[in-house]
Amino acid sequence: MDEESTTTPLLRHRLQWWRQIPSNAASSLRFHKTTIWSELGGSVGDLGTYIPIVLALTLVSKLDLGTTLIFTALYNIITGLLFGIPMPVQPMKSIASVAISEPPLLTLSQIAAAGIGTASVLLFLGATGLMSFLYRFIPLPVVRGVQLSQGLSFAFTAIKYVRYDQDFAANKQGGAREWIGLDGLIVALSAIVFLVITTGSGETYENGEQFAGKRRVRRRLQILSSIPSALIVFLIGIILCFIIDPTVFNSLQLGPSKFHVLKITWDDFKTGFIRGAVPQIPLSILNSVIAVCKLSNDLFPDHEASVTAVSVSVGMMNLVGCWFGAMPVCHGAGGLAGQYRFGGRTGASVVLLGAGKLVLGLVFGNSFVRILNGFPVGILGALLLFAGVELAMASKDMNTKEESFVMLVCAAVSLTGSSAALGFVCGVVLFLIEFA
């Protein structure tokens, strides 16, 4: 019986998620078993993926950064109160990749159309209960394989950020990064060492019952876990940005961007759906809904996110924001892992992040792109590395050789084939063969 329980393909699903909204909102507004410093640290835990993609879309596709900051700020605040956990708001990576790297490049209207198309599918799946059906019957080792592949992908990208110069606008990797300099290897490695010292393997004093008899060790863990390490690293990066290019001060303009409704033609919808939404939909279903909900159950057993709520949330965000030119967004397991890794324990983490984005969007508008363009990429790599490792470590609960085999094959195919959907299909087929 014990072995059967470890190989069950079922993932739990909690109904009537709307009844949890009041308690989730309350937990996000009061710091129970956490501190504001811990939540502030967690709030910047997913910026290693957010900043590069937003910057590339702004420079290449003429995305309005001010509009995107304001809309994603509102999404952060609403989802933080809705879910009660640090539910991230991340760019739709597949759409962004097509938009900036596959000629002919997508126009802003086509990017928005791709986001609306993806959102419509997820909203339909969530509202009809089909997403819940998928969630119940997808084998756990397959989900772990998707999480492992995404986590390793983040980690590999992070190492590239640390080792090599990056040109996000051209989507190209430059030569080896210099050791000395304000964006040199020493700065990036120092950030990594600082994060290792302050966060260790991700355990905090509240999870360290094994140190109950060692008061000094427990006290040291308590002090280190109270340091908002990711926030400190991020603020150092902002300071270095101004030191590297003091002219940034002169380019900042006060005031928000002007909102306007995009004109999206039928051809834009057709092109955006075929080139952008079709590759994005499988990734959103697997990583933005199913993997996120499973990870939320791993990290927050009392606040497991409902697949219906998450799917509908992704749909509603984009069906509103994309019409105004905001970047297509979703929730992501990597972002959730990153924010948890650096101290986020409640929805307050993303509420604080949303408040910060809202201030920047209203005060600086699109001119804030100059700051992001000068942000040290090595520091972004340091933040992204820990988010990827945290997500990959979710796969540590595979208890049998058969489960591990399915998980590793799914992850390998996802990584080498650059397709989570292909890895998912291979994982499901292999699971049926192994456990039939």
Side-chain angles (χ1 to χ4, degrees), residues 17-18 21 24-25 28-29 39 42-51 53-55 57-58 63-93 95-96 111-112 114-123 126 256-257 259 261-262 280 283-284 287-289 292-293 296 303 305-336 338-339 344 346-362 365-366 368 372:
W17 53 269
W18 58 87
I21 294 178
N24 289 344
S28 299
L29 296 176
E39 298 299 329
S43 68
V44 299
D46 69 335
L47 295 185
T49 54
Y50 181 89
I51 291 178
I53 295 177
V54 170
L55 179 60
L57 287 173
T58 302
L63 180 84
D64 190 288
L65 179 62
T67 300
T68 292
L69 283 174
I70 291 174
F71 272 98
T72 55
L74 296 176
Y75 302 155
N76 278 135
I77 294 171
I78 293 172
T79 55
L81 297 175
L82 177 65
F83 294 103
I85 61 175
M87 181 65 73
V89 174
Q90 292 281 291
M92 288 189 176
K93 300 175 183 63
I95 292 177
I111 294 172
I116 292 171
T118 304
S120 299
V121 172
L122 264 66
L123 181 61
S257 302
F259 284 6
V261 178
L262 289 180
Q280 178 64 52
L283 182 63
S284 291
N287 187 56
S288 302
V289 180
V292 163
C293 292
S296 72
H303 288 86
S306 159
V307 288
T308 299
V310 173
S311 189
V312 170
S313 172
V314 174
M316 294 302 296
M317 288 190 299
N318 292 285
L319 287 178
V320 175
C322 287
W323 285 103
F324 294 91
M327 172 184 67
V329 295
C330 57
H331 304 302
L336 177 58
Q339 289 176 333
T346 70
S349 181
V350 288
V351 170
L352 292 169
L353 175 61
K357 286 181 182 178
L358 189 60
V359 171
L360 294 174
L362 292 175
N366 201 50
F368 191 69
L372 295 186

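Note that this is a predicted model, so its numbers are computed, not measured.
- We find the CG-SG distance between Leu122 and Cys330 to be 8.5 Å, quoted to the nearest 0.5 Å.
- Not counting sequence neighbours, the partners of Ser313 by the side chain to side chain donor-acceptor pair (under 3.5 Å) test are His331.
- Taken from CD in Gln280 to CG in Asn287, the straight-line distance is 9.5 Å, to the nearest 0.5 Å.
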request  = Carefully, step by step, assess Thr346 and Ile85 under the rule side chain to side chain contact (heavy atoms under 4.5 Å, CB included).
outcome  = CA-CA 4 Å; Thr346 70; Ile85 61 175; over 6 Å; no

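- Rounded to the nearest 0.5 Å, atoms CG (Leu69) and OG (Ser257) are 8.5 Å apart.
- With sequence neighbours left out, the side chain to side chain donor-acceptor pair (under 3.5 Å) criterion links Asn76 to Lys357.
- Within the structure, side-chain hydrogen bond (donor to acceptor under 3.5 Å, both in side chains) contacts touching residues 319-330 (residues at least two apart or in different chains) do not occur.
- The heavy-atom pair separating Pro88 from Leu336 by the smallest distance is CG-N, 3.3 Å.
- One finds the CG atom of Leu262 at 8.5 Å from the SG atom of Cys322 (value rounded to the nearest 0.5 Å).
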Pair Leu319-Ser120, side chain to side chain contact (heavy atoms under 4.5 Å, CB included): steps then yes or no = CA-CA 7 Å; Leu319 287 178; Ser120 299; 3.7 Å; yes

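- Contact detail for Cys293 and Val310: the closest heavy-atom pair is SG-CG2, 3.8 Å.
- Interatomic distance, Leu352 CG to Ile77 CD1, rounded to the nearest 0.5 Å: 9.5 Å.
- Ile95 pairs in a side-chain contact (heavy atoms from CB on, under 4.5 Å) with only one of the listed residues (Ile111, Leu57, Ile53), which is Ile111.
- Between the side chain of Ser349 and the backbone N or O of Ser43 there is at least one donor-acceptor pair closer than 3.5 Å.
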query = Please walk me through it: do Val292 and Met87 pass side chain to side chain contact (heavy atoms under 4.5 Å, CB included)?
reply = CA-CA 9 Å; Val292 163; Met87 181 65 73; 3.6 Å; yes

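- Nearest approach of Leu358 to Ala73, heavy atoms of both residues: N-CB, 3.4 Å.
- Listed here is the closest heavy atom pair of Val329 and Met92: O-CE, 3.1 Å.
- Scored by the ring pair (Phe, Tyr, Trp, His ring centres under 6.0 Å) test, Phe71 finds Phe259, Phe324 as partners (sequence neighbours excluded).
- Residues Asn318 and Met327 approach most closely at OD1-O, 4.3 Å, considering heavy atoms.
- Each of Thr68, Leu65, Thr67 was scored for a side-chain contact (heavy atoms from CB on, under 4.5 Å) with Asn366, with one residue passing: Leu65.
- Across all their heavy atoms, Leu55 and Leu372 have their closest contact at CD2-O, 3.7 Å.
- Here the side chains of Asp46 and Leu353 are in contact, with some heavy-atom distance below 4.5 Å.
- Judged as a side chain to side chain donor-acceptor pair (under 3.5 Å), and not counting sequence neighbours, the contacts of Thr49 are Gln90.
- With sequence neighbours excluded, no residue satisfies side chain to side chain donor-acceptor pair (under 3.5 Å) with Tyr75.
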task = Could you walk me through whether Ile78 and Met317 pass the side chain to side chain contact (heavy atoms under 4.5 Å, CB included) test, one step at a time?
result = CA-CA 10 Å; Ile78 293 172; Met317 288 190 299; over 6 Å; no

